[in-house]
Amino acid sequence: MTGIIYFVIILLTSILGSIVGIGGGVFFRPIFDAMGHHNVSNIAFFSGLAIATMAIVSTIKRLRDGQKINFKTAGAIAIGAAIGGIGGDRLRQILLNALTYEHNFQYIQVASTVAILLVALFLSTKTNLRYEIKSPLFPPLFGIVLGIIAAFLSIGGGIINIPIFMILFGMNIKDATTNSLAIVFISQITSIIGMTTSNGFAAFDLSIIPFVVIAAAIGGLIGAKLTKIFSETIVKRLFQCTLIAVMMLNIANVLFFL
């Protein structure tokens, strides 16, 4: 029953995440926390696996549909995100070991997530802010910061990618979401490698993996198809509504479940 519930949640959140270019972990991580069936490490593993699966399926479908990836910029950010993802996972493990109660770490995750969501929402509304940073050092440095945040919070990083791509790299919302998902995939793969290297597979509930992977793959494919149909205005509004919904979900999680 737990696997079926996870399947439905990941399917729905992966569809939305694929459309708006975020991992989906911003939704299902707090939901899984509230359900209480698994500990933080298992939830982070399931989240990373679902995000990586959805991101690669959605990215391949988008490329076939003619959307573009700036491989130079995305590649540099992805390399930084890969390094940062390992650091973010280690930071999460250090805090989990240092704190007496796991709920204390979840409070830190929620507070940090809400703060980042507020910044992302604010930046997404600033259509007059458009710059083009030429420094070759910026993409990998930004990637490192992004990877640390994404792995530490188990949220995939797309919420930060999209406004940055639009403001600092001059992309439209659809190209921004495609580039975001490509980077999210790299970040989550490195985070998964870090988790399995540190803990071994025995630390995770492997019976849930088929539900996670299949749901995320189907969701990524459906979301990519819907992105092709939707206008840029609809995608942007969905992104902003998603940020608000996730903030409310995290706050409700603290007030009623944790």
Side-chain angles (χ1 to χ4, degrees), residues 13 16-17 19-30 33 44 47 51 55 73-74 76-78 80-81 83-85 87-89 91-92 95 105-133 135 137-184 187-188 191 232-233 235-255:
T13 54
L16 180 59
I19 295 171
V20 301
I22 64 176
V26 286
F27 267 121
F28 50 71
R29 193 215 69 217
D33 283 342
S47 178
I51 292 167
T73 299
I77 295 175
I83 298 170
D89 179 65
L91 178 60
R92 184 180 63 249
L95 276 178
F105 176 77
Q106 290 174 312
Y107 292 137
I108 294 172
Q109 275 193 322
V110 169
S112 302
T113 300
V114 170
I116 290 170
L117 289 168
L118 284 170
V119 173
L121 181 61
F122 172 77
L123 292 176
S124 71
T125 64
K126 296 299 178 180
T127 56
N128 60 323
L129 294 178
R130 289 293 182 271
Y131 305 97
E132 189 172 353
I133 297 180
S135 173
L137 294 177
F138 177 75
L141 291 176
F142 168 65
I144 290 173
V145 175
L146 173 69
I148 292 172
I149 294 172
F152 177 72
L153 299 181
S154 305
I155 58 174
I159 56 174
I160 310 167
N161 290 342
I162 294 168
I164 294 297
F165 277 139
M166 295 174 67
I167 292 172
L168 299 182
F169 297 101
M171 296 182 186
N172 61 50
I173 184 68
K174 288 192 176 184
D175 285 342
T177 56
T178 302
N179 281 265
S180 172
L181 288 173
I183 294 168
V184 163
S187 175
Q188 291 306 301
S191 179
E232 289 188 12
T233 300
V235 174
K236 186 174 182 179
R237 291 289 178 264
L238 279 173
F239 175 71
Q240 293 170 339
C241 289
T242 298
L243 297 184
I244 295 171
V246 173
M247 277 190 283
M248 300 301 293
L249 178 61
N250 276 271
I251 293 171
N253 204 19
V254 168
L255 295 177

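All values derive from a computational prediction rather than experimental measurement.
Phe138 has its side chain within reach of Leu168: a pair of non-hydrogen atoms, C-beta onward, lies under 4.5 Å apart. Side-chain contact between Phe142 and Ile183: absent, with no pair of heavy atoms (C-beta onward) separated by less than 4.5 Å. Side-chain contact between Leu146 and Ile77 is present, with heavy atoms from C-beta onward closer than 4.5 Å.
Expressed to the nearest 0.5 Å, how far CG of Leu123 lies from CD1 of Ile167 amounts to 4.5 Å. To the nearest 0.5 Å, atoms CD1 (Ile116) and CD1 (Ile149) are separated by 4.5 Å. Here the straight-line distance linking atom CG of Asp175 with atom OG1 of Thr177 works out to 7.5 Å at 0.5 Å rounding. Between the CG atom in Leu118 and the OG1 atom in Thr113 there is a gap of 11.0 Å [rounded to 0.5 Å].
Annotation for Phe239 and Val20: closest pair N-CG1, 3.5 Å, computed over non-hydrogen atoms. The two residues Ala176 and Met166 make their nearest non-hydrogen contact at CB-CG, 3.9 Å.
Under the side-chain contact (heavy atoms from CB on, under 4.5 Å) criterion, Leu121 pairs with Ser124, Gln240, Leu243, Ile244, Met247, not counting sequence neighbours.
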task = I would like to know whether Ile162 and Ile173 meet side-chain contact (heavy atoms from CB on, under 4.5 Å); could you show each step before the answer?
result = CA-CA 7 Å; Ile162 294 168; Ile173 184 68; 3.5 Å; yes
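Looking at Thr242, its side chain does come within 3.5 Å of a backbone N or O of Leu238 through a donor-acceptor pair. One N or O on the side chain of Thr125 and one on the backbone of Phe122 form a donor-acceptor pair closer than 3.5 Å.
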